[in-house]
Amino acid sequence: MTNSTSAVKTVFDVEEIRAQFPILKVLVHGKPLVYLDNAATSQKPRRVIKAGSAYYATINANVHRGVHTLSTLATDAQEAARETVRGHINARHAHEVIFTSGTTASINLAASSLGQLLLKPGDEVLITGMEHHANIVPWQLACERYGATLKVIPITESGEWEISRSDDRMIRQFTEHTKVLAISHVSNTLGTINPIKELIAEAKKHGVITVVDGAQAIPHMHVDVQDLGCDLYAFSGHKMYAPTGIGVLYGREELLEQMPPWQGGGEMIDQVTFAKTTYAKLPFKFEAGTPHIAGIIGLGEAVRWLQDYDIDAMAAHEHTLLEHATKELRTVEGLRIIGTAKEKVGVISFVIEGVHHYDLGTLLDQQGIAVRTGHHCTQPLMERFGVSGTTRASFAPFNTIDEVDAMVAAAKKAVKMLR
Ligand code: 7TS
């Protein structure tokens, strides 16, 4: 748990970053690992790995439970991480940061609790056609339970919302029945950066609660929940260089106060009798049971690691990789890029005529190159584009132009073998 006090590194040095990721020394099929699957999960810098193991080796104890020294140290470390996350997303209060197991759990919490609070027969929940299943299915479950309807904003051929900032199609999305807007900040499959601030502002005018799936945004950009104006914002640690099994649901205090708890158990209560239970104050009302303490500490360290860099410089590097990959992949015969929005993070999905994505992924793996293949948990989006799946490369600050070239060369080789 190093507390870095060094100044932000504005000069982007990819080799300096690579040196911090032990996994980049691993060989796959005897070849140096080329890891281009960062949207599925990012790799972890040494500092984050150490923070988790230091917790287990030196202060392992349950939190908020005992007066003994270790319990106090573990509690302090956990709450320091909460404050670090608060600062990172510019929430007003640390108790607006709820720790969950990841984006999926965060959205399930939101849908389950908001469903109970708000939804009744005839109401509508508005999502978009590019959502990850984690931002579809929990809302379907809530709609089924309370008799509400799921409405979907369609997606254009370039992979953007079929509503624009300038016309009234945005306004017309909202009816008197709309209760919740649940949207991804960045698409995991297309890489599209969505203009969520405008839509959130419009939703607020209609009294609609806004929930943002920020899983793919938070590793690549400054996220300021107050500036965005959203009510809830969900993300996972493991996509932002932190351990797996830890995530966050940010919630605006006034809304969280009104929302009923999602799960019951230890730590989320104030008083329990067999007749009635009263609940703990925020954030503990939403944190039943023993949390993933090492994960929370690791998340705090990952945020501090990110804050040591200029995240815009990281994003600019990833954008250079994206542009290079886009240009080079277009030279592969029969290749079609799925997702050509103007604003994208470093994610590129493609299909190649006559080549199945699984076969391509397997052949790339033989070269040590890790990409994701399949539907990326966005089956409705695959249907929209008329494909069963894609091959997806997703970049991190430690990736290089040489690695992109290796992927393109391996893809060309694979195409020759598979056609
Ligand atoms: N929302 C988005 C936009 C995502 O990209 C993901 C995971 C999730 C929600 C769920 O996150 P989890 O941490 O709870 O699993 N996306 C991906 C992906 O693109 N490839 O593997 C996982």
Side-chain angles (χ1 to χ4, degrees), residues 35-44 85 98-112 127-141 152-153 155 159-161 181-194 196 210-221 223 230 232-250 262 292 295-296 298-299 302 318 338-339 341 343-350 357-358 361 370-382 385 387 389-396:
Y35 189 76
L36 302 176
D37 196 16
N38 294 284
T41 199
S42 64
Q43 296 301 347
K44 320 301 172 203
V85 172
I98 296 159
F99 290 123
T100 66
S101 63
T103 309
T104 302
S106 295
I107 300 174
N108 274 278
L109 188 172
S112 163
I127 63 169
T128 85
M130 66 169 83
E131 300 311 316
H132 186 283
H133 296 165
N135 203 29
I136 303 174
V137 186
W139 300 110
Q140 278 175 331
L141 290 169
V152 184
I153 297 172
I155 302 304
E160 292 163 289
W161 297 339
L181 171 74
I183 47 173
S184 51
H185 197 167
V186 168
S187 159
N188 65 315
T189 302
L190 309 168
T192 312
I193 304 172
N194 293 308
I196 62 167
T210 54
V211 184
V212 181
D213 172 353
Q216 298 292 343
I218 199 119
H220 305 290
M221 62 185 74
V223 170
C230 56
L232 302 175
Y233 193 100
F235 57 95
S236 297
H238 71 98
K239 296 186 199 288
M240 57 183 298
Y241 313 103
T244 48
I246 185 66
V248 167
L249 180 67
Y250 154 80
W262 177 42
H292 180 10
I296 293 170
L299 174 60
E318 291 163 3
I338 308 285
E343 303 277 339
K344 281 180 69 171
V345 298
V347 167
I348 185 159
S349 262
F350 56 91
H357 45 270
Y358 287 143
V371 292
R372 186 168 169 192
T373 57
H375 53 64
H376 315 293
C377 302
T378 52
Q379 284 179 355
L381 189 63
M382 296 293 101
F385 283 98
V387 296
T390 74
T391 302
R392 180 189 70 184
S394 50
F395 307 122

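Every number for a ligand or one of its atoms is a count from 1 in the order of the listing. Bear in mind that the values here come from a model prediction, so they are computed numbers and not experimental data.
The side-chain hydrogen bond (donor to acceptor under 3.5 Å, both in side chains) test with His376 singles out one residue from Thr189, Thr390, Asn188, and that residue is Thr390.
Counting only non-hydrogen atoms, the option in Glu131, Arg392, Lys239 that gets closest to atom 7 (C) of ligand 1 is Lys239. Atom 2 (C) of ligand 1 has its nearest heavy-atom neighbour, among Asn188, Asp213, Thr244, in Asp213.
Taking CG of Leu232 as the start and CG of Leu181 as the end, the distance is 11.5 Å to the nearest 0.5 Å. Atom NE2 of residue His292 and atom CD1 of residue Ile246 lie 6.0 Å apart, to the nearest 0.5 angstrom.
The single protein non-hydrogen atom nearest to atom 14 (O) of ligand 1 is Thr104 OG1, 2.6 Å, given as residue, atom name and distance. Taking atom 21 (O) of ligand 1 as the reference point, the nearest protein heavy-atom neighbour is Arg372 NH1, 2.9 Å. Taking atom 4 (C) of ligand 1 as the reference point, the nearest protein heavy-atom neighbour is His132 CD2, 3.3 Å.
The contact set between ligand 1 and Ser236, taken as ligand atoms under 4.0 Å from a residue heavy atom, comprises 11 (O), 12 (P), 13 (O), 14 (O). Contact atoms of ligand 1 toward His238: 12 (P), 13 (O) (distance under 4.0 Å to a heavy atom of the residue). The ligand atoms of ligand 1 that sit less than 4.0 angstrom from a heavy atom of Gln216 are 3 (C), 4 (C), 5 (O), 16 (N), 19 (O).
The aromatic rings of His185 and Tyr233 sit perpendicular to each other, their planes meeting at more than 60°, with 30° as the lower class boundary.
Proximity of Ile183 to Asn194: side-chain heavy atoms (C-beta onward) are nowhere separated by under 4.5 Å.
The shortest heavy-atom contact between Ser42 and Lys239 is OG-C, 3.5 Å.
A heavy-atom separation below 4.0 Å is found between Ala39 and ligand 1. Heavy-atom separations between His133 and ligand 1 are all 4.0 Å or longer.
Judged purely by distance below 3.5 Å, without hydrogens or angles, the side chains of Thr192 and Glu160 never pair a donor atom with an acceptor atom.
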